[in-house]
Amino acid sequence: MKLQSLRRTALGTLAAASLVIGGAVSGHAADSPQPGAAAEPVLRDLAAAKGIYYGTAVTASKLNGTYGAVVGEQFDSITPGNEMKWESVEPTRGSYNWSGADAVVDYAEAHGQKVRGHTLVWHSQLPGWVSNGSWTADSLRTVMNDHIAAEAGRYKGRIDHWDVVNEPFNEDGTRRQSVFQTAIGDSYIADALRAARAADPTAKLYVNDYNVEGINAKSTALYNLVKSLKEQGVPIDGVGLQAHLILGQVPSTLQANIQRFADLGVDVAITELDIRMTVPPTSAQLTQQKAEYKAVTNACLAVARCEGVTVWGFTDSDSWIPDVFEGYGAATPYDENFQPKPAYYGIAEALGWSDGGTNPTGACAVTYTVQNQWNSGFTAQVTVKNTSTAAVNGWKLAWSWPAGQRVTQAWNATVTQSGTAVTAADAGYNAAIAPGATATFGFNGSWSGGNTAPTAFALNGTTCTA
Ligand code: G3I
């Protein structure tokens with residue numbers, strides 16, 4: 001069955017906003033929306049218009065047919081569920097199998113998606129030669145660094161975020177006694193981050209864990225780790241909150257917790273979201289799950305440094321939950337037949353979609369990202385998306401600095417500043433932005449006191465969503 005007919009089934013009379021043809025995304029409608037009816041949401045477009053990404057974990061071997069079509073159309077970041085883990089890529093020392101990992105990265109590039117690399121150093125899904133080896137600190141550090149150099153090096157420049165270290169803590173905030181912790185000691189995390197930076201200088205480097213979504217002993221240990229790494233100048237760009245949640249138990253401190261990490265000067269991502277419930281689900285449970293997916297997405301949207309959300313499998317037919325938690329399931333936004341569940345619409349609503357037939361995206365959408373920041377300077381990247389149906393030919397993007405920053409040097413645009421008002425004009429070769437396409441430019445700036453991101457942008461005088 002084609003995706004289009006699946007959507008019709010799911011949505012009744014609602015018309016589709018975009019159509020998957022041969023796995024590629026087409027931004028135009030096959031049918032026009034009925035008057036008064038809403039266009040079906042496309043999560044990746046809605047998320048981009050809000051300045052975040054929406055991702056899913058994937059299984060490489062399934063990236064075809066309806067599964068592949070939904071992944072390509074709805075998500076703008078993908079994480080290999082298993083294919084980049086140590087046992088998958090280096091089952092014997094120095095002997096690599098990249099087939100699954102390559103397939104995921106190739107798929108992402110063909111579909112304009114980010115890749116979240118998962119994961120370089122983890123106590124689980126390790127090959128026996130690592131977990132059962134007899135190691136000194138030096139010998140295991142060498143093995144770990146070699147593994148990171150090989151894997152992060154292979155995908156250098158093609159991975160947006162790396163979960164460099166996964167699940168380093170126990171629930172009480174002490175260090176998990178993994179083979180890395182016991183052989184190398186506390187410093188293995190800093191060693192791994194440095195090795196990852198050396199192997200792929202442009203990937204954002206994350207430490208990722210579960211049960212760290214709310215403020216608790218474990219997330220405070222992670223907080224203290226990040227603080228100390230930053231103080232030592234160890235390369236750490238972000239923290240991943242896995243968010244394997246149970247219906248009715250979304251932590252009330254989620255947003256405050258994201259904010260406290262952001263305030264430390266790192267990015268945050270929700271990396272493995274699912275919300276499990278007892279099965280078979282009741283409609284009341286599915287409605288509650290919708291509200292909770294919405295709340296988690298809203299918590300990310302509320303904090304500027306929250307980069308995006310990844311669901312751990314988008315369909316209940318590709319979820320780890322039933323295998324591990326007996327009697328639980330229905331944890332993802334699509335059911336086992338690829339039908340969107342209420343949770344899917346909860347995400348879409350958090351991202352600004354409404355079923356009242358309004359177009360939430362407007363004419364342009366701007367993503368403003370501080371990529372690097374130091375005591376008095378910073379580097380930022382700005383992506384302007386043309387969300388209208390008309391081509392842009394020649395553009396000026398205007399914004400005003402909220403904290404007195406100054407642009408000192410720009411690329412891919414000509415940037416001028418007067419007082420706090422900034423205008424970035426196209427650089428000629430990127431003057432045309434087709435409907436649905438983007439233009440990206442960057443700059444270095446200076447700041448003092450604060451470096452709050454601008455929130456209002458106008459493209460050729462028209463207000464954009466930011
Ligand atoms: O590939 C084999 C297959 O050949 C075999 O027939 C089958 C029989 O059990 O097992 C298959 O391997 C399974 C693998 O997933 C691929 O499906 C493993 O048994 C199974 O243990 C493994 O589970 C993965 C789990 O990590 C392992 O801890 C899940 O798919 C994966 O979603 C899950 O992901 C983790 C994150 O990496 C870290 N955070 C928690 C999250 C959930 O556990």
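Just so we're clear, the structure is a prediction, and the values are computed from it rather than from any experiment. As a basis for the values below, the full set of heavy atoms in this structure was taken, side chains included, without hydrogen atoms, waters or symmetry mates. Counting starts at 1 for both ligands and their atoms, following the listed order.
For atom 36 (C) of ligand 1, the nearest protein heavy atom lies under 4.0 Å away. Protein non-hydrogen atoms do reach within 4.0 Å of atom 31 (C) of ligand 1. Inside a 4.0 Å radius of atom 18 (C) of ligand 1 there is not any protein heavy atom. For atom 21 (O) of ligand 1, the nearest protein heavy atom lies 4.0 Å away or farther. Within a 4.0 Å radius of atom 12 (O) of ligand 1, the protein contributes no non-hydrogen atoms. Proximity of atom 7 (C) of ligand 1 to the protein is not indicated, since no non-hydrogen protein atom lies closer than 4.0 angstrom. Contact annotation for atom 1 (O) of ligand 1: protein absent (non-hydrogen atoms, distance under 4.0 Å).
Ionic pairing of R141 and D138 is present here: one or more N-O contacts between side-chain nitrogen and carboxylate oxygen are shorter than 4.0 angstrom. Electrostatic pairing of D106 and R158 counts as a salt bridge here, judged by a charged N lying under 4.0 Å from a carboxylate O.
For the side chain to side chain donor-acceptor pair (under 3.5 Å) with Q242, the qualifying choice from N166, D163, D209, T271 is N166, the only one to do so. For the ring-ring contact (aromatic ring centres under 6.0 Å, His included) test with F314, the passing option among Y334, Y54, Y293 is Y334; the others fail. For the side chain to side chain donor-acceptor pair (under 3.5 Å) with N208, the lone residue among R116, H161, E167, E272 that qualifies is E272.
Below 4.0 Å from some heavy atom of E167 lie the following atoms of ligand 1, by number and element: 38 (C), 39 (N), 40 (C). Per-residue contacts place N166 under 4.0 angstrom from the following atoms of ligand 1 (heavy atoms of the residue considered): 38 (C). Within the listing of ligand 1, atoms 39 (N), 40 (C), 41 (C) sit less than 4.0 angstrom from a heavy atom of H244.
For W320 and F325, the distance between ring centers is under 6.0 angstrom.
Here the heavy atom of the protein found nearest to atom 33 (C) of ligand 1 is K85 NZ, 3.6 Å. Given atom 27 (C) of ligand 1, the protein heavy atom at minimum distance is Q125 OE1, 3.0 Å. Considering only non-hydrogen protein atoms, atom 34 (O) of ligand 1 sits nearest to W312 NE1, 3.2 Å. Protein heavy atom nearest atom 40 (C) of ligand 1, with residue, atom name and distance: E272 OE1, 3.2 Å.
Annotation for N170 and R175: closest pair ND2-O, 3.0 Å, computed over non-hydrogen atoms.
A distance of 10.5 Å separates OG in S134 from CG in L140, rounded to the nearest 0.5 Å. T66 contributes atom OG1, which lies 9.0 Å from atom CG of N64 (distance to the nearest 0.5 angstrom).
Contacts with ligand 1 closer than 4.0 Å are made by side-chain heavy atoms of W122 only, the backbone lying farther away.
Inspection of the S99 and D102 side chains reveals no N or O donor paired with an N or O acceptor under 3.5 Å.
For atom 24 (C) of ligand 1, the nearest non-hydrogen atom from the set D323, N208, N82, T119 comes from N82.
The N/O atoms of H118, backbone and side chain alike, include one that comes under 3.5 Å of an N/O atom in ligand 1. At under 3.5 Å, not a single nitrogen or oxygen of W320, backbone or side chain, sits near a nitrogen or oxygen of ligand 1.
Note on residues 213-306: pairs passing disulfide (SG to SG under 2.5 Å), not counting sequence neighbours, are C300-C306.
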